[in-house]
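Side chains are part of it too, since the values below use all heavy atoms of this structure and drop only hydrogens, waters and symmetry mates.
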Amino acid sequence: MTPVTSFAGKTVALFGLGGSGLATALALKEGGARVIACDDNPAKMAEADAKGIETADLRNIDWSKVSSFILSPGVPLTHPEPHWSARLANEAGVEIIGDIELFCRERAKIAPNAPFVAITGTNGKSTTTALIAHILREAGRDVQMGGNIGTAILSLEPPSGSRIHVVECSSFQIDLAPSLAPTIGVHLNLSPDHIDRHGTMELYAAIKERLVAKAGLAVIGVDDPMSRAIAERCEASGVNVARVSVEPLHVKGIFADGETLVGVTGADAAAVADVAGIGSLRGAHNAQNAAAAVAIALALNVSPDEIRSGLHTFPGLPHRMEEVGRIGSALFINDSKATNADSTEKALKSFDDILWILGGKAKEGGIEPLKPYFPKIRKAYLIGASAEEFARTLGDEVPHAQCGTLDKAVEQAASDAQTLGAPAVVLLSPACASYDQFPNYEVRGNHFRDLVRALPGIEAKGA
């Protein structure tokens, strides 16, 4: 735990007692603050009470005594409208912040020079976070990894001069962290996502930009126009920028030349590492993720040999281009994390002869942007609430089956893979949120993995 001593003696209100909210309340109390916590779920309130956290309906407290209001990142701050608790804080003139901001203030107080790597981007941020943490650990560094990737940031050990915090940050978390100024800030890419929570694409992009705007080093992916503009603005304002790309660079940074990662410094360019044969890093999008990780590792004085070793031992993350197993020449891939078309595009680029399982709760635009990849799809298997809409988009161009459930889709795809008589990839890459049939993408991906591992003749990986 990182006790938040910078709020000692102050009264802090908090809304949202999920995993990170409860961890935040405990860290504040441990640091000497009075915490008044609330949640719309009575069971969460009872859990906090049992852990010694004071709880109350925030509608009935004296806001004039509250110094700060801590909001869970899952609760709307501005769009589609502010949560009632945020409105109360605004009316009382109380600042609204989140757990990342609390960490930043504690770091500034107790170890301002402690290495802090913060990573964001519409897609790839979890893989990049896990990859750089893995490389650093393999190189013998003291690493704490958390944030949006899983472990709440205040559940990690406190910052210190020899300990590196590697933290994934969502746009919701950045929006609640006004003093965010990491040692190394990483922005990977931008595509439409969470517009319902930010109002417009421009506001969403501006929030992402905050993570790198005050970084000691900004590592920025420049393969989309809005991210290129972020790199240019940061550089113009005096930020030290290293670009990453899957296209050749002629300025400082790392780019992927096929599977080779090339470092550019001044007029010099030299191969640093490669991702050839690394199943957990297949595809151009993962080459960009690896390029970002290499740029970070080099900035933290990890040797090229240690970087190469870390890349080749990286196990990958569940639900992100995860190889589940094989039956003969058929490969089964769990990409349940692909909850939008942009993320699914990365998977479709990476394979040919695809038996594609997709569907769920559709995002704006559906799968229209994926039409250029339809020739790579042998057949599609539609599940969930979006099935009818996606069937219309696929039309006569892609053979498809209305399966309804993931169970039926896996059964049909596995059967078709056996009759093709040629290599095929059974790919779960839904391009949708899971909420129509599953609580989250992890449950969806776990169910897919279980279904595949139960198939006759499967050679499971990692079972």
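- Side-chain contact check for L331 versus E323: some heavy-atom pair is nearer than 4.5 Å.
- Between the K29 side chain and the G52 main chain, a donor and an acceptor come within less than 3.5 Å of each other.
- What you find for I149 and S126 is that their closest heavy atoms are CD1-O, 3.5 Å.
- Y373 does not carry K376 over the face of its six-membered ring by the limits of under 6.0 Å from the centre and within 45° of the normal.
- When side chains are defined from C-beta on, H134 counts as touching P315, because their heavy atoms get closer than 4.5 Å.
- A donor-acceptor pair under 3.5 Å is absent between the side-chain atoms of R210 and the main chain of A181, judged by distance alone.
- The shortest distance between side-chain heavy atoms of L348 and L427 falls below 4.5 Å.
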Original post:
Would R308 and T313 count as a side chain to side chain donor-acceptor pair (under 3.5 Å) if you check the C-alpha gap in whole Å, the side-chain angles of each, and the deciding distance to 0.1 Å?
Top reply: CA-CA 9 Å; R308 286 189 283 270; T313 56; over 6 Å; no
**OP:** Evaluate side-chain contact (heavy atoms from CB on, under 4.5 Å) for L22 paired with E47, printing each intermediate quantity in order.
**Re:** CA-CA 9 Å; L22 186 57; E47 183 182 358; 3.5 Å; yes
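- No cation-pi contact links R243 to F255, judged by a cut-off of 6.0 Å to the six-membered ring centre and 45° from its axis.
- Put simply, the side chain of L190 reaches to within 4.5 Å of the side chain of H187, judged on heavy atoms.
- Judged purely by atom type and a 3.5 angstrom limit, W356 uses its side chain to pair as donor or acceptor with the backbone of S429.
- F7 is listed as a side-chain neighbour of S68, based on a closest heavy-atom distance under 4.5 Å.
- To the nearest 0.5 Å, atoms CD (Q173) and CG (L211) are separated by 10.5 Å.
- With hydrogens and angles disregarded, no donor-acceptor distance shorter than 3.5 Å links the side chain of D335 to the backbone of R320.
- Remark: E95 engages R105 in a salt bridge, criterion side-chain N to carboxylate O under 4.0 Å.
- Within the 6.0 Å centre-distance limit, the rings of F116 and F103 are counted as a close aromatic pair.
- Considering every non-hydrogen atom in both P159 and A114, the closest pair reads CB-CB, 3.8 Å.
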Original post:
T120 and E168: side chain to side chain donor-acceptor pair (under 3.5 Å), yes or no, with the steps?
Top reply: CA-CA 6 Å; T120 198; E168 177 187 333; over 6 Å; no
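- Note that OG1 of T78 and CG of D175 are 6.0 Å apart. Values are rounded to the nearest 0.5 Å.
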**OP:** Apply the test side chain to side chain donor-acceptor pair (under 3.5 Å) to residues S336 and E442: give CA-CA distance (whole Å), side-chain angles for both, the deciding distance (0.1 Å), then the verdict.
**Re:** CA-CA 7 Å; S336 181; E442 292 100 332; over 6 Å; no
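- Taking every heavy atom of both residues into account, P158 and I110 meet most closely at CB-CD1, 4.3 Å.
- No side-chain donor-acceptor contact under 3.5 Å links N148 to the backbone of S170.
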Original post:
Run the side chain to side chain donor-acceptor pair (under 3.5 Å) check on S303 and E306 step by step: do they pass?
Top reply: CA-CA 5 Å; S303 73; E306 289 171 324; 3.2 Å; yes
Subject >> Verdict with reasoning, D223 to R228, per salt bridge (charged side-chain N to carboxylate O under 4.0 Å, His left out) >> reply: CA-CA 7 Å; D223 290 335; R228 282 195 294 276; 5.6 Å; no
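- Checking T260 against D274 by side-chain atom types alone, no donor-acceptor pair falls below 3.5 Å.
- A donor-acceptor pair under 3.5 Å is formed between the side chain of E322 and the backbone N or O of H319.
- Atoms CG and CD1, from N189 and I220 in turn, are 12.0 Å apart once rounded to the nearest 0.5 Å.
- At least one donor-acceptor pair closer than 3.5 Å links the side chain of Q144 to the backbone N or O of E157.
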Subject >> Verdict with reasoning, L77 to I96, per side-chain contact (heavy atoms from CB on, under 4.5 Å) >> reply: CA-CA 9 Å; L77 174 63; I96 304 176; 3.8 Å; yes
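- Under the 4.5 Å side-chain criterion, counting only non-hydrogen atoms from C-beta, V264 is not in contact with I254.
- Taking the ring centre of Y435 as origin, the terminal cationic atom of K361 falls outside the region bounded by 6.0 Å and 45° from the ring axis.
- Nearest heavy-atom pair, A338 versus S343, reported as atom, atom and distance to 0.1 Å: CA-OG, 3.4 Å.
- Inter-residue side-chain proximity for L406 and I357 is flagged as met; some heavy-atom pair is nearer than 4.5 Å.
- In this structure, I327 and F332 have side chains that are in contact, with non-hydrogen atoms separated by less than 4.5 Å.
- Atom CD1 of residue I164 and atom OG of residue S162 lie 9.0 Å apart, to the nearest 0.5 angstrom.
- Judged by distance alone, the side chain of T129 and the main-chain N or O of K125 form a donor-acceptor pair under 3.5 Å.
- Residue K51 places its NZ atom among 12 or fewer non-hydrogen atoms of other residues, nucleotides or ligands, all under 6.0 Å distant.
- In terms of heavy atoms, L176 sits closest to P73 at CD1-CA, 4.1 Å.
- There is no side-chain donor-acceptor pair under 3.5 Å between S6 and K109.
- Checked by atom type and distance alone, the side chain of N286 never pairs as donor or acceptor with a backbone atom of N289 at under 3.5 Å.
- Side-chain polar atoms of N123 and D342 form a donor-acceptor pair below 3.5 angstrom.
- With 3.5 Å as the limit, one finds a donor-acceptor pair spanning the side chains of T183 and R107.
- Atom CD of E30 sits in a sparse spot, with 12 or fewer heavy atoms from other residues, nucleotides or ligands closer than 6.0 Å.
- The line from CG of L455 to CZ of R453 is 11.5 Å long, rounded to the nearest 0.5 Å.
- In terms of heavy atoms, H198 sits closest to S171 at NE2-OG, 2.8 Å.
- Between the CG atom in L131 and the CE atom in M145 there is a gap of 11.0 Å [rounded to 0.5 Å].
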**OP:** For the pair V186 and V212, evaluate side-chain contact (heavy atoms from CB on, under 4.5 Å) and give the outcome as yes or no after the intermediate values.
**Re:** CA-CA 6 Å; V186 185; V212 289; 5.9 Å; no
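- Distance alone, capped at 3.5 Å, is enough to place a donor-acceptor pair between the R141 side chain and the L300 backbone.
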Original post:
Going through the distances and angles, do T344 and N340 end up as a side-chain contact (heavy atoms from CB on, under 4.5 Å)?
Top reply: CA-CA 6 Å; T344 289; N340 56 47; over 6 Å; no
